[in-house]
Amino acid sequence: AETAPIEVKGPAGALSQICITFGILVAFMVGLGIGDVDTDDVSSFEIQSYWYIIFAIPIIIALLQILLLLTLFPYDTPVMLKTWKKDKELKELMTKIYIDEKTADERIALIKVEEPPKEGDEENENDPSCNAVCCSPRYARASWIGCLLSVFQQLTGINAIMFYSNIIFKGLSMTNTMVTALVGIVNFIATLGGLVLLFFFGRRFLLFSGSVAMSVTLLLLSTFAFMHESIGMVVSLLLFIVFFELSTGPILWLYMAEIMRDKALAVGASLNWTVSLIISLSVPFLLKVISVGVLFLIFAILTIIGTILIW
């Protein structure tokens, strides 16, 4: 968000979601090679040794990221460079982002940095305190709305599906491996559509319409789960993923960045990951005491509450 050119900051923010979903797709495809202890020979390579490859791949990618940061992009962000008054490095970076030097100078002038409060000032407008962004009438409404939207994004159950689709849909007429592959493919393709919609519709419209559609598809998914209708469950699941990636998936982060101050945005992101962690830890235990239909009914009710919040 701090490095992308101003002209494409919105789509560039959503582009990060495309990169994330592409990474998820690749991870799902690589994971397809893992053997099934219920059907495969337990002494096979897929069960005994393939997991070495699974762990080696992220290590290689992490090393590649370090190499790229040390060679191709050894800079901090423009905002931080201006904050630290590193004008030479800032000019060098901006002329790489903007080929035209005049445009680079104009964009440098537009960069707003957080300055330390002057002595005697109760509140610095450029850098409000954590207490101010949460409690001050000037910032609190946007902060609380952003944080609640961040929490409700996870309460749709999206990561329960991403993490445990092979467990949730085990025993269907379709193999759990096939369902997992479909989830990854549809998730990535739908994100591309979400990026296109950003150019034609407002953030709130996409968030609201997407949440309505997700509520309906989760209710359908719950209903089909109670009926043990495999095809209906898979279709509802894929439609839910499509609507998520056309709305709250990529747009939430852009919406939060546009209405919240930096400190509040950090709190919102932390809440998002905290709820994601709680769901990822609790779903396996919940599935032992409640059915899949009840689980998705709970997610549907929570998504409806989130939709009312957006409205």
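- In this view, Phe208 and Trp311 satisfy the ring-ring contact (aromatic ring centres under 6.0 Å, His included) rule, not counting sequence neighbours.
- Considering only heavy atoms from C-beta on, Val292 comes within 4.5 Å of Leu287 through its side chain.
- Scanning for side chain to side chain donor-acceptor pair (under 3.5 Å) contacts around Glu92 gives Tyr75, with sequence neighbours left out.
- Under the rule for a side chain to side chain donor-acceptor pair (under 3.5 Å), the partners of Lys91 that lie at least two apart in sequence or sit in another chain are Glu101, Asp105.
- Taking all atoms of both residues into account, the shortest heavy-atom contact from Gly184 to Leu25 is C-CD1, 3.4 Å.
- Sorted by first and then second residue, the side-chain hydrogen bond (donor to acceptor under 3.5 Å, both in side chains) pairs with a member in residues 151-160 read Gln153-Asn272, Gln154-Asn159, Gln154-Asn272, Asn159-Ser276; sequence neighbours excluded.
- Of all non-hydrogen atoms in Thr303 and Ser215, the two that sit nearest each other are CG2-OG, 3.4 Å.
- Residues satisfying the side-chain contact (heavy atoms from CB on, under 4.5 Å) criterion with Leu309, sequence neighbours excluded, are Leu148, Leu149, Phe152.
- Ser211 places no side-chain N or O within donor-acceptor distance of the main-chain N or O of Thr307, the cut-off being under 3.5 Å.
- For the residue pair Ser280 and Leu277, the shortest heavy atom distance occurs at OG-O, 2.7 Å.
- Looking at residues two or more places apart in sequence or on another chain, you find a side-chain contact (heavy atoms from CB on, under 4.5 Å) between Trp51 and Phe55.
- Phe28 is not listed as a side-chain neighbour of Ile185, based on a closest heavy-atom distance of 4.5 Å or more.
- Sorted by first and then second residue, the side-chain hydrogen bond (donor to acceptor under 3.5 Å, both in side chains) pairs involving residues 231-246 (not counting sequence neighbours) are Gln17-Glu245, Thr191-Glu245.
- In this structure, the side chains of Met94 and Thr103 stay at 4.5 Å or more apart for every pair of heavy atoms.
- Listed by first and then second residue, the ring pair (Phe, Tyr, Trp, His ring centres under 6.0 Å) pairs involving residues 214-242 amount to none (not counting sequence neighbours).
- In this structure, Ile66 belongs to a hydrophobic cluster whose other members, linked by side-chain heavy atoms under 4.5 Å apart, are Leu70.
- Listed for the Thr71 side chain is a donor-acceptor partner under 3.5 Å among the backbone atoms of Leu67.
- Leu297 meets the side-chain contact (heavy atoms from CB on, under 4.5 Å) test with Leu219, Ser222, Ile301; sequence neighbours excluded.
- Taking the ring-ring contact (aromatic ring centres under 6.0 Å, His included) definition, one finds that Phe205 meets it with Phe201, sequence neighbours left out.
- Considering only residues two or more places apart in sequence or on other chains, Val30 meets the side-chain contact (heavy atoms from CB on, under 4.5 Å) condition with Val26, Tyr50, Ile54, Ile57.
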